[in-house]
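Down below is the structure, laid out as structure tokens.
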Amino acid sequence: MRMFALLTEPIGKIRKVMIYESKNGVYVFLYDTHENIGCYADHWFKVIEDAMDYCIEELNINEGRWVIINDPKNGEQHDIIY
């Protein structure tokens with residue numbers, strides 16, 4: 001599963017966030033732009049609940065702001081929307 005949220009007000013450099021739940025854990029990708037380019041930083045969490053808690057507590061992203069998108073296909077970058 002992948003989803004992203006655009007921040008209406010930047011938090012530091014962060015303007016967009018993507019969560020990617022893979023078989024190896026959950027990644028939170030951080031972007032300094034709303035453009036569809038690779039992230040500048042990421043965090044890894046063992047479970048989706050911890051990733052969501054980080055986004056709520058640190059970035060003030062509530063549940064209704066997430067847009068669910070397709071998972072990347074084999075060979076595609078996980079942090080870019082195709």
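One is the number of the first residue; the rest follow in order along the sequence.
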Problem - Pi-cation contact, Tyr40 with Lys13 (under 6.0 Å, within 45°) - result: yes
Handout entry: Same apolar cluster (I L V M F W Y, side chains within < 4.5 Å links), Phe4/Ile68
Key = no
Handout entry: Closest approach of Met18 to Ile81 (non-hydrogen atoms, all atoms of both residues)
Key = CE-CG1, 3.7 Å
Practice task
Starting from the C-alpha separation in whole Å, work towards a yes-or-no answer on side chain to side chain contact (heavy atoms under 4.5 Å, CB included) for Tyr82 and Asn36.
Solution key: CA-CA 9 Å; Tyr82 291 92; Asn36 189 25; over 6 Å; no
Practice task
Can you sort out the partners of Tyr27 under side chain to side chain donor-acceptor pair (under 3.5 Å), two or more places apart, ordered by chain and number?
Solution key: none
Practice task
Using side-chain contact (heavy atoms from CB on, under 4.5 Å) as the criterion, point out the one residue from Val17, Asn62, Asp50, Asn60 that pairs with Cys55.
Solution key: Val17
Exercise for the section: Start with the C-alpha distance between Ile14 and Tyr31, add both sets of side-chain angles, then the distance that settles side chain to side chain contact (heavy atoms under 4.5 Å, CB included), and finish with yes or no. Expected result: CA-CA 6 Å; Ile14 304 168; Tyr31 303 82; over 6 Å; no
Handout entry: In one Ile/Leu/Val/Met/Phe/Trp/Tyr side-chain cluster, 4.5 Å: Ile11, Phe29
Key = no
Exercise for the section: Over all heavy atoms of both residues, which pair between Ile48 and Glu21 is shortest? Give the atoms and the distance, please. Expected result: CB-OE2, 3.9 Å
Exercise for the section: Output yes when a side-chain donor or acceptor of Arg15 lies under 3.5 Å from a complementary backbone atom of His34, and no otherwise. Expected result: no
Handout entry: Check: Arg2 side chain, His78 main-chain N or O, donor-acceptor pair, under 3.5 Å
Key = yes
Exercise for the section: Consider only side-chain heavy atoms of I, L, V, M, F, W and Y, link residues closer than 4.5 Å, and tell whether Trp66 and Met1 are in one cluster. Expected result: yes
Problem - Check: Trp44 side chain, Asn24 main-chain N or O, donor-acceptor pair, under 3.5 Å - result: yes
Problem - Closest non-hydrogen atom pair, Tyr20 against Asp71 - result: CE1-OD1, 4.0 Å
Completion exercise
The side chain to side chain donor-acceptor pair (under 3.5 Å) partners of His43 (sequence neighbours excluded) come to Tyr54
Practice task
Report the residues that fulfil side chain to side chain donor-acceptor pair (under 3.5 Å) with Gln77, sequence neighbours left out, ordered by chain and then residue number.
Solution key: Asp79
Problem - Closest heavy-atom pair and its distance - Arg65, Leu7 - result: NH2-CA, 3.3 Å
Completion exercise
Heavy-atom closest pair (Glu35 atom, Lys16 atom, distance to 0.1 Å) is O-NZ, 2.9 Å
Practice task
Give the cluster check for Val26 versus Met52: same hydrophobic cluster or not, with ILVMFWY residues linked at side-chain heavy-atom distances below 4.5 Å.
Solution key: yes
